[in-house]
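Just so it is clear, the values below take in all heavy atoms, side chains as well, and ignore hydrogens, waters and symmetry mates.
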Amino acid sequence: MSQNNSILNLLEIEDQNIKIQKVDTTIQNNEKVKLIYASLSYPVERCKNCGFKSVVKNGRRKTHLRLDSLNGTRYEMILAKQRYYCSNCQTTFGATTDLTKPNQTLSRKLKNQIMAFSKEGLNGQLVARICHCSPSSVHRTIKERMKRHYRMAVLPKHLCFDEFRSVKSVMSFICCDSESHQLVVKLKDRLSPSIIDYFENRYSKAEREQVETVVIDLNAQYQSFIYRLFPNAQIIIDRFHIIQLTGRALDNCRINILKFLDAHSREYKIMKSQWRLFHLKQTELHPEKPVYLRGINEYMTKQNAVDLITNKFDDFKAVYQTYQTITKALHDRDQELLQDVLEHYQPNKTAMDTTIATLRKNRRAVINSTKYEYSNGPLEGINRKIKTLKRVCYGFANQEFFFLRIDCLFA
């Protein structure tokens with residue numbers, strides 16, 4: 001195998017019209033650069049403009065091509081492209097290669113390398129250093145390769161609705177498929193007109209009627225237009241948000257009691273330092289196993305610590321039992337138990353009163369959380385990756401480019 005073919009194979013260049021002349025090494029900006037000098041020429045019979053057989057060679061034109069990096073080294077090709085002249089139409093044109101697009105210096109494989117690192121969630125500066133190009137080149141490559149889709153080919157039957165913080169504290173709407181976890185759409189804001197406009201203008205009424213469920217949090221804004229967009233859909237309140245809401249009511253009641261307790265009392269120390277015990281399921285309290293509880297510096301069972309508080313404070317006991325019942329009903333998907341606690345709850349002038357009133361107001365959607373297996377878990381996972389991307393890239397100033405970077409993660 002000739003030296004020319006060996007170098008072409010090493011660089012994975014398939015264009016056999018490129019002839020390697022020499023390879024040199026230089027230092028540019030304290031960086032080692034491999035310079036590959038080559039020429040590109042091939043016979044041309046007819047003019048690409050007029051089609052006549054009146055083409056002659058007319059010198060060469062040097063161009064610089066950025067090749068993809070091998071083992072961390074920057075590679076550049078100084079390619080002398082053959083120029084051709086047509087005596088009939090008196091125009092000139094040059095030899096072309098598949099290494100790059102016309103009038104571009106970054107090779108296709110270098111762009112593939114840039115996109116591969118971008119899909120891993122690396123920030124633009126780091127990708128530029130790894131690929132030995134400028135951050136603006138990374139920016140242009142992502143804008144060139146990633147195009148926002150107008151709509152999905154088939155609207156999923158099960159959807160998740162949520163929002164995330166995009167740029168400049170703007171809350172943007174996001175939707176995904178509950179089953180495949182595929183992103184459906186990201187909108188620049190979470191306003192109702194924007195969401196309604198997107199679905200009504202891109203999906204027919206027949207397509208929207210195929211949607212069976214929509215999972216949301218306790219945001220009343222979404223409920224106001226879901227039945228308009230998806231007439232046959234069942235609204236599901238995410239189970240996590242229900243537990244979170246009741247857990248906050250439990251903590252609010254606990255904190256209110258702490259304000260009136262002696263800081264040196266046993267009850268205060270339990271409620272202050274061991275607050276996590278009240279959020280555990282009753283099956284996780286292990287009444288037969290004593291443990292050392294820091295803060296109160298005693299050996300006792302977790303169940304005993306909880307009983308010391310619930311037996312002394314009746315209002316807290318009622319709130320605690322309500323929290324445990326709702327948690328158990330959601331965990332076991334017990335529809336009857338959840339309905340029972342909503343119907344027979346007795347107000348006790350605590351934050352749980354407001355929580356139960358909210359759940360009663362959304363009774364149908366809350367009950368659906370026990371009937372269906374779908375949740376906002378997939379969308380929360382997507383939002384977590386988006387937050388990580390923002391942190392790694394130190395934020396974004398342009399929302400359109402931010403959305404393209406998100407598409408890189410889930411392409």
Check the side chains of [Y] and [X] for a donor-acceptor pair under 3.5 angstrom, ignoring hydrogens and angles.
X    : Y    : value
E212 : N232 : no
K19  : S39  : no
Q282 : K302 : no
S194 : D189 : yes
Q221 : S192 : yes
R145 : N112 : yes

Considering only residues two or more places apart or on different chains, which pairs with a residue in [range] satisfy ring pair (Phe, Tyr, Trp, His ring centres under 6.0 Å)?
range            : value
residues 227-248 : F199-F230
residues 361-380 : H158-Y374
residues 93-119  : Y84-F93

Next on the checklist: Just checking Y323 against F278, ring centres under 6.0 Å apart?
Outcome noted: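 Judged by ring-centre distance (under 6.0 Å), Y323 and F278 do not meet the cut-off.
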
Item to check | Residue list, side chain to side chain contact (heavy atoms under 4.5 Å, CB included) with R148, at least two apart or on another chain | outcome: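 Testing R148 for side chain to side chain contact (heavy atoms under 4.5 Å, CB included), a comparison that skips the adjacent residues, returns E400, F403, L404, D407.
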
[X]: what forms a ring-ring contact (aromatic ring centres under 6.0 Å, His included) with it, not counting sequence neighbours?
X    : answer
Y37  : none
Y268 : none
F260 : none
Y75  : none

Checklist entry - With the threshold set at 4.0 Å, does a side-chain nitrogen-carboxylate oxygen contact exist between K312 and E267? => result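 E267 and K312: salt-bridged.
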
Next on the checklist: Less than 4.0 angstrom from a charged side-chain N to a carboxylate O is my criterion; do K205 and E207 meet it?
Outcome noted: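 No.
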
Checklist entry - Going by the side-chain hydrogen bond (donor to acceptor under 3.5 Å, both in side chains) test, which pairs reach into residues 289-298, not counting sequence neighbours? => result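 Residue pairs with at least one partner in residues 289-298: R266-E298, Y292-N297.
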
Next on the checklist: Filter on side-chain hydrogen bond (donor to acceptor under 3.5 Å, both in side chains), then keep only pairs touching residues 249-260, sequence neighbours left out; what's left?
Outcome noted: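 Residue pairs with at least one partner in residues 249-260: D251-H279, N252-N256.
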
Going by atom type alone, with no hydrogens or angles, which donor-acceptor pairs under 3.5 Å involve a side-chain atom of residues 126-134 and a protein atom two or more places apart or on another chain?
{"from": "H132", "atom 1": "ND1", "to": "E31", "atom 2": "OE2", "distance (Å)": "2.3"}
{"from": "H132", "atom 1": "NE2", "to": "G72", "atom 2": "O", "distance (Å)": "3.1"}
{"from": "S134", "atom 1": "OG", "to": "S136", "atom 2": "OG", "distance (Å)": "3.0"}
{"from": "S134", "atom 1": "OG", "to": "S137", "atom 2": "N", "distance (Å)": "3.2"}
{"from": "S134", "atom 1": "OG", "to": "S137", "atom 2": "OG", "distance (Å)": "2.8"}

Checklist entry - Is the count of non-hydrogen atoms from other residues, nucleotides or ligands lying under 6.0 Å from R61 atom CZ greater than 12? => result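 Incorrect, the count does not exceed 12.
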
Checklist entry - Got a sec, which pairs hit salt bridge (charged side-chain N to carboxylate O under 4.0 Å, His left out) with one end in residues 193-203, sequence neighbours left out? => result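 Sorted result for residues 193-203: E200-R228.
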
